[in-house]
Amino acid sequence: MRRLLYLTLITALICSACTNRKPNYVIGVSQCTEDIWRDWQNSEMTLESMLHDGVELRFKTARDDSKRQIEQIDSLVESGIQLLIVAPNQLASVTPAINRAYDKGIPVIVFERKTDSPKYTAFVSADNYEIGRIMGEYVAMRLKGKGRVLEILGLKGSSPAEERHKGFTDALKGSDIEIVASLQSDWTEEKGYETVKNYTGSLEDIDLVFAHNDRSALGARRAFIEAKIIPLPLFCGIDGLPGKYGGIQMVRDGILDASYIYPTRGDQLLQLALDILDEKPYPKEIVLTSAIVTSENANVLMLESDMVSRQSQRLSRLKDMTDTYMQQLGTHRVISILAGVLIFLLLLMIIGIYYHFLQTARLNDERNKMEREKLDFYTQVSHELRTPLTLIQAPLEELTETEEGKKASPETKALYNMLRRNTNQLIELINKMLDVQATGSLDILATGHQNAVMAPTTPVLPTAPIEDDGSKSDILIVDDNADIRTLLRRILQDRYQVNEAEDGQQGLELANEIVPDLIVSDVMMPVMNGLEFCQRVKDNIATSHIPVILLTARALSKHQVEGYESGADAYITKPFSADVLLARIDNLLKNRLRLKGLFANEEEKKVEQAETPAKEPQQPQQKEDKFMTRFREYIEQHMSDSNLSVEAIGAELGLSRVQLYRKVKALTGQSPVELLRTVRLHKAHRLLQDSVKSISEVAYEVGFTSPSYFTKCFRDEFGASPSELIS
């Protein structure tokens, strides 16, 4: 957020102050790489330069290429700069270029990374050895002096990487903490990810990962998650940037256990340059102070950075108001947006309260209705009869098809035990039926008995897994009968990843936690029955897209109607065919994939409804259509807002960030951020074709803050640049 405020302010000031005056000072800035830390530092230098008349900054970034940085430094010198600010990519690689600049009488400020040349005017950096040492002491304290640590090094040959490593290892000397490996990386998230992913050692027993910067730590964490290491180790990094997605926020949100603020201080760096050019006294060496960030102080540091950002913004606005009327208009626009957001939040709160009361009332009505419609004696007997009958037929069929059926193998003994246990249960239930017959309930029980005996189709267990793409969908089984769960697992485990819950309440909690691809649930269960469970799954916006199959002994038509009214996508009675169950699951999962074409064409407004088998009520994806419609409409209404975030969209739809990500990913195959970018690019494509606006105007209108970044994304999406489209 702070970076966006700086960039907005910088753009306004540059537009308002465009003149043909020759600058008093031209300062070249050679950055060794391109990342958020250096973007922040560049923004701070640019903002500070606006407080001084006649200062021009010329930025270059080498993108971790020493040869390129040498060429850029020489180019800056040839362009006529009066002072050079440089962050060397490596300790010695760019020394010749720095020496050439210094020998031509150009003052040189080396910052953040050291050079092996004595030819520099001033040096500005934090104490990287001290940072590494403090992080080592923190790790020792955090692990209580014992554990295994994996270190992710910074760029080879760079002074921060070498000094941080030395400080870190010195701090751990004398402890029982083992550094199992120090993996060579650079400073990027992707390299941190690849380094850990390619590590040949075991990741299972790692207690903590220390990376030389936050981005490498984030990449390492992603590699551990992909490796399915549970529980994850602790992750520590260095940079501690404030603002959204910065290290402070990652510590606050528990993504990182700790970080260390590596100060940017672009304002101090530029002020030092101006003091040198103005021939004022200045220190030769400046060591920037910083502090460790943990969960205990992350919130305070976030508040402090936000306060500083707001104060800087207010001061800049005062300067803006003295320049042009357009800057005043910009200030009014910000105030209007804030007022609109406040009104929106108030309306959202009112709607949320109203919606909560409606949901509570509806759930109470459903609960009272279910209490009034208690299951009658036939339903209970039918359920208790069909369940063991299912458990008899499947093992018996498998047993008869086994060549070693007569041998006393462990598997055969298990099948015999299951058969014996459920046969005895069936005999007991039949005896109960005979007792009831004596009391005059013969008609009901006879009908139930006929349905129970004539309906079953022998289950056939699959003999080989069927995989389409090498991955398995998640199936959640919810049934209070342990033997039924065992049978279903045997049927499904070769094709799908199977999870189990023994009642509706546990199933609901597990469904919200793992968000499975499909649910198979019994109806008659303790704590929460299957009808209520299904309805609550469908009523929850986070899980409403999950197909639900009700697998039950309740075979009457009215029972099936109740099942479909609760939101079920399929209703299969016991005893059931394994082939039918597998085919129904496969069909529902394929139908779910059709929804992932929702945003494939920007002009499409509806998703084609999934097919439903004959003789079953139509179940159009109304809730999913409504959800995606709201999602799309909200994006379109707020597209020009460059600060539009996933959190804001989730708040509008009543979902957390994680729930929104999982639901949109399940429905469309893309993340919310990817969909937002796609919608913006398609609208930009239409605007460029249908209007006379410039590329920059279109970029800002659809919410991009940088025309250059817009051009890159446009080319990636359509294979051609915006200028090629309108030429």
Side-chain angles (χ1 to χ4, degrees), residues 222 224-232 461-462 464-482 484-522 525 528 530 533-551 567-570 572 576 578 580-596 610 619 621 623-624 627 655-672:
R222 179 154 56 95
F224 271 79
I225 292 175
E226 287 191 6
K228 298 182 179 179
I229 303 301
I230 300 177
L232 287 172
L461 295 176
I466 300 176
E467 299 278 347
D468 290 332
D469 58 0
S471 63
K472 292 186 177 182
S473 299
D474 282 321
I475 305 293
L476 173 60
I477 299 172
V478 185
D479 200 300
D480 61 317
N481 189 298
I484 288 290
R485 297 199 304 272
T486 300
L487 175 61
L488 289 173
R489 177 176 284 276
R490 291 175 62 84
I491 294 173
L492 302 175
Q493 64 186 0
D494 288 337
R495 296 190 182 197
Y496 307 106
Q497 180 68 37
V498 180
N499 304 275
E500 299 181 15
E502 62 184 24
D503 58 56
Q505 182 63 44
Q506 290 187 10
L508 190 63
E509 294 173 358
L510 193 56
N512 280 285
E513 178 183 349
I514 67 174
V515 190
D517 296 296
L518 184 138
I519 297 174
V520 179
S521 174
D522 190 17
M525 296 182 294
M528 179 189 294
F533 164 71
C534 179
Q535 186 167 8
R536 294 182 68 171
V537 166
K538 294 297 183 178
D539 287 343
N540 186 348
I541 193 171
T543 56
S544 62
H545 63 284
I546 302 175
V548 177
I549 297 177
L550 291 180
L551 188 64
D569 297 84
I572 300 178
F576 57 88
V580 171
L581 176 62
L582 289 170
R584 199 70 188 93
I585 291 174
D586 183 64
N587 185 49
L588 287 172
L589 292 177
K590 287 180 178 178
N591 288 342
R592 178 58 52 189
L593 290 176
R594 293 188 177 96
L595 290 176
K596 294 188 176 181
Q619 296 289 314
Q621 303 294 337
K623 291 184 178 179
E624 284 66 62
F627 168 81
L655 294 174
S656 69
R657 179 184 178 87
V658 174
Q659 288 175 326
L660 178 66
Y661 176 87
R662 290 179 177 174
K663 185 172 183 71
V664 173
K665 189 74 173 179
L667 292 176
T668 69
Q670 292 181 286
S671 69

Drop me the distance from [X]'s [atom1] to [Y]'s [atom2], to the nearest 0.5 angstrom.
| X | Y | atom1 | atom2 | value |
| --- | --- | --- | --- | --- |
| I572 | L551 | CD1 | CG | 6.0 Å |
| D503 | M528 | CG | CE | 8.0 Å |
| K472 | D474 | NZ | CG | 10.5 Å |
| I549 | L588 | CD1 | CG | 5.0 Å |
| N540 | L655 | CG | CG | 8.0 Å |
| I491 | L582 | CD1 | CG | 6.5 Å |

Exercise for the section: Examine the side chains of D522 and N481 and answer whether a donor and an acceptor come within less than 3.5 Å of each other. Expected result: no

Please name the pair of heavy atoms, one in [X] and one in [Y], separated by the smallest distance, quoted to 0.1 Å.
| X | Y | answer |
| --- | --- | --- |
| K538 | S544 | O-CB, 3.1 Å |
| G507 | V478 | CA-CG2, 4.1 Å |
| M525 | D480 | CG-OD1, 3.7 Å |
| C534 | L550 | CB-CD2, 4.5 Å |
| G504 | F533 | O-CD1, 3.3 Å |

Donor-acceptor under 3.5 Å ([X] side chain, [Y] main chain):
| X | Y | result |
| --- | --- | --- |
| R489 | V498 | yes |
| D569 | V548 | yes |
| T543 | V537 | yes |
| K590 | I585 | no |

Practice task
Would you check, one step at a time, whether the test side-chain contact (heavy atoms from CB on, under 4.5 Å) holds for L660 with R657?
Solution key: CA-CA 5 Å; L660 178 66; R657 179 184 178 87; 6.0 Å; no

Taking the side chain as C-beta and beyond, is there a heavy-atom pair between [X] and [Y] under 4.5 Å?
| X | Y | result |
| --- | --- | --- |
| H545 | V515 | yes |
| Y496 | L589 | yes |
| S473 | R495 | no |

